[in-house]
There are 2 protein chains.
Amino acid sequence: MLTIGKLSETTGVKVPTIRYYEQIGLLPEPERSTGNQRLYGKAVQERLSFIRHSRDLGFPLEAIRELLGLSDDPNRSCAAADEIARRQLGEVNARLSRLLALRGELERMLVQCSHGTIADCRVIEVLGNHDHCAHDHHGEPVTAL
Amino acid sequence: MLTIGKLSETTGVKVPTIRYYEQIGLLPEPERSTGNQRLYGKAVQERLSFIRHSRDLGFPLEAIRELLGLSDDPNRSCAAADEIARRQLGEVNARLSRLLALRGELERMLVQCSHGTIADCRVIEVLGNHDHCAHDHHGEPVTAL
DNA sequence: CTTGCAGCTATAGTTGCTAGAGCAATTAGG
DNA sequence: CCTAATTGCTCTAGCAACTATAGCTGCAAG
């Protein structure tokens with residue numbers, strides 16, 4: 001049985017984050033010691049590693065909740081999990097293309113910087129005027145990752 | 001003089017967002033009509049376009065606040081603006097490499113999916129175990145974009 | 001035994017908005 | 001000129017996914 005601190009160490013998830021996951025129902029309420037401290041077994045450790053890994057891959061907590069629901073019920077088809085991963089891949093690809101356009105824009109801005117005073121600073125000028133863009137691939141706002 | 005709705009239309013920034021920018025001090029408090037409605041001139045329109053464009057390029061509001069401070073004072077050196085843009089470019093590059101690693105991981109997961117039941121679903125299994133990763137480029141948490 | 005870290009609960013803050021309630025003002029139609 | 005629809009106003013709360021703080025208790029080592 002691990003205390004929350006040990007669980008945190010072995011999984012790489014910070015202590016307040018573990019408590020947060022419990023609060024939102026991603027982790028079950030654990031046993032408590034006589035002194036009211038949380039005690040975790042191996043199963044929760046694996047569940048938490050699963051969450052951590054999925055988060056690292058960019059899955060939102062709601063997708064992870066779905067995936068956990070699926071894996072808690074092993075007779076269902078794999079297709080649902082596949083679907084979630086596929087959706088996630090689509091989003092990653094969308095973010096990638098946006099970031100690539102963005103990088104081009106930033107690089108163009110920096111190359112043009114004349115290192116003079118603000119009065120003729122290309123960075124400021126480019127930011128103030130959409131017309132300076134080579135393309136306007138940056139129409140949609142940059143929201144969550 | 002534009003009402004907030006017209007300003008929203010011409011800049012593509014939503015009405016509540018404009019009020020929010022005013023609230024946090026990115027936009028000055030505007031004149032009001034006799035009926036207490038906000039009235040905006042050309043200068044604010046340009047300032048808002050600047051903010052919008054910078055946000056589109058992924059600059060956080062605090063960086064934009066800095067940039068606006070610089071452009072309000074046109075005798076200062078361009079170097080500071082250059083620095084902010086360069087920092088932004090670095091962050092974009094970091095996000096890009098993370099996303100590329102991520103995409104590889106997701107593609108690998110999907111290719112391996114056997115389309116059977118959850119019991120032998122590769123997606124679930126891979127997510128539960130870091131050892132399945134080809135590389136562990138996804139060590140750092142995925143935070144804000 | 002006591003000191004100091006680890007744990008506990010509960011609340012508030014973060015970023016960048018977005019949505020809703022419950023009003024006042026303006027504009028368009030008849 | 002009156003009414004209805006739209007737009008505007010303020011204020012508050014909510015979103016993700018945590019992080020930080022305050023003020024307390026538990027526990028293990030010296």
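All chains are named by letter (A, B, ...) in the order of the sequence lines, taking the proteins before the strands, and each is independently numbered beginning at 1. Side chains included, hydrogens not; waters and symmetry mates left out as well; all remaining heavy atoms used.
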To the nearest Å, how far apart are A/I24 CD1 and D/dT19 C1'? 14 Å
Which of D/dC9, D/dC18, C/dC17 is nearest the side chain of B/Y20? It is C/dC17
Taking NZ from B/K14 and P from D/dC9, how many angstroms apart are they, rounded to a whole number? 17 Å
Quick check against the 3.5 Å criterion: does B/R103 have a side-chain atom that pairs as donor or acceptor with the backbone of B/E107? no
Nearest to the side chain of B/I4, which nucleotide is it out of D/dC9, D/dC27, C/dT26? D/dC9
Mind checking if B/F59 touches a base, just sugar-phosphate, or nothing, with heavy atoms under 4.0 Å? nothing
Interatomic distance, A/Q23 CD vs C/dA12 P [rounded to whole Å]: 14 Å
d(CZ, A/R65; P, D/dC18) in whole Å: 12 Å
Would you mind telling me which of D/dC9, C/dC17, D/dT19 lies closest to the side-chain atoms of B/R32? D/dC9
For B/R38, which contact category applies under a 4.0 Å heavy-atom criterion: base, sugar-phosphate, or nothing? sugar-phosphate
Taking the side chain of A/Y21 as its heavy atoms from C-beta onward, which of D/dT19, D/dG8, D/dC18 lies nearest to it? D/dC18
N-O pairing of A/R19 and A/E22 below 4.0 Å: no
Side-chain N or O of B/R19 closer than 4.0 Å to phosphate OP1/OP2 of C/dT18: no
Over all atoms of both residues, closest heavy-atom pair of A/L39 and A/P30: O-CB, 3.6 Å
In whole Å, I'd like the distance from the CD1 atom of A/I51 to the P atom of D/dA16. 16 Å
Do the charged groups of A/R38 and A/E29 touch, with an N to O distance under 4.0 Å? no
Using whole Å, report how far CG of B/L27 lies from C1' of C/dG16. 14 Å
Of the listed nucleotides C/dT18, D/dT19, C/dG7, the one nearest the side chain of B/T17: C/dT18
Under 4.0 Å between a side-chain nitrogen and a carboxylate oxygen: does that hold for A/R87 and A/E83? yes
Nearest to the B/P16 side chain among D/dT10, C/dT18, D/dT19, which nucleotide is it? C/dT18
Between B/P60 and B/Q37, which is nearer to the 5' end of DNA chain C once each is assigned its nearest nucleotide? B/P60
From C-beta outward on B/L61, which listed nucleotide comes closest to its side chain: C/dC17, D/dC27, D/dA17? C/dC17
D/dA20 C1' sits how many Å from A/I18 CD1, rounded? 17 Å
Could you state the CZ-P distance from B/R52 to C/dG16, rounded to the nearest angstrom? 16 Å
